[in-house]
Protein chains: 2
Amino acid sequence: MNRVGIQDVARHAGVSTATVSYIINNKKSVSAETRKRVERSIKELGYKPNAIAQSFKTGKKNLIAFIVPDIANNFFSTLIEEIEGVLASRHYKLMILNTKETKIREIESINAVSSGIVDGIILASTMDSYSEIKSILPQSIPTILIDRELKDCPADSITVNCHDAVCRGVEDLIGKGHRKIGYITGLMHISTTVERLDAYKETMQQHGLCDPALIRIGDSMSHCVKGHLDSLIAAGCTAVVITNNVMATEAMLQMLDEGIRPGRDIEILGFRDSDQAQYGLQHMDLIIQPTKELGKVAGRRILDRISDPAGLQQRIELQAIFMPREKT
Amino acid sequence: MNRVGIQDVARHAGVSTATVSYIINNKKSVSAETRKRVERSIKELGYKPNAIAQSFKTGKKNLIAFIVPDIANNFFSTLIEEIEGVLASRHYKLMILNTKETKIREIESINAVSSGIVDGIILASTMDSYSEIKSILPQSIPTILIDRELKDCPADSITVNCHDAVCRGVEDLIGKGHRKIGYITGLMHISTTVERLDAYKETMQQHGLCDPALIRIGDSMSHCVKGHLDSLIAAGCTAVVITNNVMATEAMLQMLDEGIRPGRDIEILGFRDSDQAQYGLQHMDLIIQPTKELGKVAGRRILDRISDPAGLQQRIELQAIFMPREKT
DNA sequence: TTGAAAGCGCTAACAT
DNA sequence: ATGTTAGCGCTTTCAA
């Protein structure tokens, strides 16, 4: 049960601990012969460097934390996947902390992580504002915001601009003759929700079509869609904008089940991720987020930020695109 | 940028580092006055104990690794949620490692984790057999298998027995007069897949109905269902067993989209998790896995195992239940 | 090319 | 109740 340490290896191979360390990290030139001997000892003894001791000594953990609102959401699990890929190529691991869109769990997660166990933090925050976490977010740990912005936060951010795509989508609906276009939001305290809603209002206003009675406040996670959709249909909407992937999929299931034919009985403008091959979504107009790209860029950015902690703040913005449906 | 250490606090409060340590961990009795003074110093200096140094010294990391095949699968994200809950109550954190059902990523994950950064490992393995990971699975770290068993593995395991529920479900189908009952499997190298398939074959055999031509090999993740379902229908099946939650949901979407009415045109026996409120699933007969319970039990078990590393191996088996559909 | 030895920041046994 | 101090297992400087 006693773990074998670098001492044991050194003794077994008849060298100093320094030499073993050099070999583990191939830091200095070591004669081929010694290297061979030490490597044999390592294998024989089954030696594994104690990662905690290494981190303690060097200060490097090769670990990034991703604080994420909902791992079951395809958007975020795609993000995780992509970030992991980028990090793995640089020998970093990703630690995932799931907040379930609650502030308390976000705070707990930030606290857990600010004890110095990670080299960097990627945060998709569920907070209303930066002030709510300003005091607990450790300035000593490189941090970047992903997907959702926090006003006045000095950290780097990587976001997706959906404003233009939403405008285009709504324009398209209007162009097809729709006048009563309903809208189901995500969680209202999140920056992306506000951005998208503003784009919708703006466009509707430009055509003199804006009607607050056609807006429903949703959450991005669970089962709020049914009621909203029914009530918008009852209100006479011929088209509905549903502003995230989870809700769009749910709406799809529900409509199919009730015999409402999206694309015929009602027009839906939904959201999906870059590579989401969700069955049924082909009946909707879609706004497609560059989710994979978002993850990749975030992965690269946190790594760069770690190697240059003092660099200037960066705000990176990717663009979503509007794609009309294929099928009826 | 220089992190403040326990030394700084001690100096600032005019006490020894030991006293500060006692207060942080409230280990020994400290006079109310000293405590107050030290706590003020901690606040003033913004001191946060270096978690790595603590772990280094004590050997405790308060971290459990969960190596999981697919975080986007509701079954596993529910598991994560429940395990997190149990661990949080004992001040443990969960580190999630997503293998995407690939062996290579499982091996990488095990290696990453066996450098001693966690106190315990929960593994939902995607391997064919224990021999594939026997040499890399660290015996010094408490490990439990969840959901999927690995023959001959000496670790504890927590699984869900679906055998009886599948038998009952298939019996029920037969009782309703179905004779050609198709079957779509999960990944064939996984223990749960085999268990379920055996139960199906067994039951069909008992009624002289077993026909290998009615079995389709699926994977549990992606988009294999459509083809299989179509071909089973073409083969004359009046009922189909779909043996995990992801595939069941996908089949649902597809059938609705194609105007096939589950529960009327075709009978489906699907799977879902304890609390999965997926729209549309009410048209299927269902086998319900006690997913939340599974997570809770696993969380408790790993904690117990950590406090008693030498205890006898435990194999815990929960039972799935069969539930006929509500709606037509 | 190799080795001796000084810590990294903290905990806890032991002493006072 | 509080302080002194010896490490935990490793890396790395400096010397040989």
Side-chain angles (χ1 to χ4, degrees), chain A residues 1-39 41-42 45-63 91 114-119 138 140-141, chain B residues 1-39 41-42 45-63 91 114-119 138 140-141:
Chain A
M1 206 55 147
N2 277 339
R3 273 187 68 88
V4 6
I6 202 171
Q7 282 283 8
D8 306 299
V9 177
R11 203 159 21 232
H12 185 274
V15 296
S16 73
T17 60
T19 304
V20 179
S21 177
Y22 296 147
I23 287 168
I24 292 167
N25 307 294
N26 34 9
K27 272 279 170 63
K28 277 199 190 177
S29 47
V30 174
S31 77
E33 206 211 346
T34 336
R35 152 159 281 121
K36 199 163 287 177
R37 208 168 60 246
V38 171
E39 271 164 354
S41 295
I42 289 178
L45 300 178
Y47 170 66
K48 283 220 151 208
N50 178 332
I52 300 274
Q54 288 177 311
S55 294
F56 174 53
K57 177 65 185 167
T58 62
K60 279 230 65 61
K61 299 99 192 174
N62 286 283
L63 221 205
H91 305 107
S114 53
S115 55
I117 58 170
V118 298
D119 298 308
S140 54
I141 305 179
Chain B
M1 205 54 148
N2 276 338
R3 273 187 67 89
V4 6
I6 202 171
Q7 281 283 8
D8 306 299
V9 177
R11 204 162 18 235
H12 185 274
V15 297
S16 73
T17 60
T19 304
V20 179
S21 177
Y22 296 147
I23 287 168
I24 291 166
N25 307 295
N26 35 6
K27 270 280 169 63
K28 276 198 190 178
S29 46
V30 175
S31 77
E33 208 211 345
T34 341
R35 153 159 280 122
K36 199 162 289 177
R37 207 167 61 246
V38 171
E39 272 163 355
S41 296
I42 289 178
L45 299 177
Y47 170 66
K48 282 221 153 208
N50 178 332
I52 300 275
Q54 289 176 312
S55 294
F56 174 53
K57 176 65 184 167
T58 62
K60 280 228 67 59
K61 299 99 193 173
N62 286 283
L63 221 206
H91 305 106
S114 53
S115 54
I117 58 171
V118 297
D119 298 308
S140 54
I141 304 179

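The chains referred to below are lettered A, B, ... by the order of the sequence lines, with proteins before strands, and numbering in each begins at 1.
If you find the closest nucleotide of DNA chain D to A:Lys48 and to B:Arg35, the one lying nearer the 5' end belongs to B:Arg35.
Taking side-chain N and O atoms only, A:Ser21 has no distance below 4.0 Å to OP1 or OP2 of D:dT12. Checking the phosphate oxygens (OP1, OP2) of D:dT4, no side-chain nitrogen or oxygen of B:Thr17 falls inside 4.0 Å. Note on A:Ser16: every side-chain N or O is 4.0 Å or more away from OP1 and OP2 of C:dT2. OP1 or OP2 of C:dA12 lies within a sub-4.0 Å distance of a side-chain N or O belonging to B:Lys27.
B:Lys61 places its NZ atom 20 Å from the P atom of C:dG9, with the value rounded to the nearest Å. As a whole-Å value, the separation of A:Ile23 CD1 from D:dT11 C1' is 14 Å. Between the CG atom of A:Asn26 and the C1' atom of D:dC10 there is a distance of 16 Å, rounded to whole Å. Between the NZ atom of B:Lys60 and the P atom of C:dA12 there is a distance of 12 Å, rounded to whole Å. A:Ile52 places its CD1 atom 19 Å from the P atom of C:dC8, with the value rounded to the nearest Å. A straight line from CG of A:Asn25 to P of C:dT2 spans 16 Å, rounded to a whole angstrom. Counting to the nearest Å, the P atom of C:dC8 and the CD atom of B:Gln7 are 9 Å from each other.
Put simply, the side chain of A:Asp119 gets close to the backbone of A:Lys61: a donor and an acceptor are under 3.5 Å apart.
Here B:Arg35 pairs with B:Glu39 under the salt bridge (charged side-chain N to carboxylate O under 4.0 Å, His left out) rule; sequence neighbours left out. Partners of A:Ile141 by side-chain contact (heavy atoms from CB on, under 4.5 Å), not counting sequence neighbours, listed by chain and number: A:Val118, A:Ile121, A:Pro138.
Checked options A:Ser115, A:Ser140, A:Ser114; the residue passing with B:Lys48 is A:Ser114 (criterion: side chain to side chain donor-acceptor pair (under 3.5 Å)).
Legend: side chain to side chain donor-acceptor pair (under 3.5 Å) pairs involving residues 8-24 of chain B, not counting sequence neighbours, sorted by first then second residue: B:Asp8-B:Arg11, B:His12-B:Ser41, B:His12-B:Glu44, B:Ser16-B:Thr19, B:Ser21-B:Asn25. Applying the salt bridge (Lys or Arg N to Asp or Glu O under 4.0 Å) test to residues at least two apart or on different chains, none of the pairs has a partner in residues 14-33 of chain B.
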What pairs of nitrogen or oxygen atoms, one from the protein and one from nucleotides 14-16 of chain D, lie under 3.5 Å apart?
unit_1	atom_1	unit_2	atom_2	d
D:dC14	N4	A:Lys28	NZ	2.9

Quick one: which protein N/O atoms are closer than 3.5 Å to N/O atoms of nucleotides 7-9 of chain D? Pair and distance per line, please.
unit_1	atom_1	unit_2	atom_2	d
D:dG7	N2	B:Lys57	NZ	2.8
D:dG7	N3	B:Lys57	NZ	3.4

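Atoms CD1 and CZ, from A:Ile52 and B:Phe56 in turn, are 10.0 Å apart once rounded to the nearest 0.5 Å. Rounding to the nearest 0.5 Å places CD1 of A:Ile117 at 9.5 Å from CD1 of B:Ile117.
B:Ile23 is not listed as a side-chain neighbour of B:Val15, based on a closest heavy-atom distance of 4.5 Å or more.
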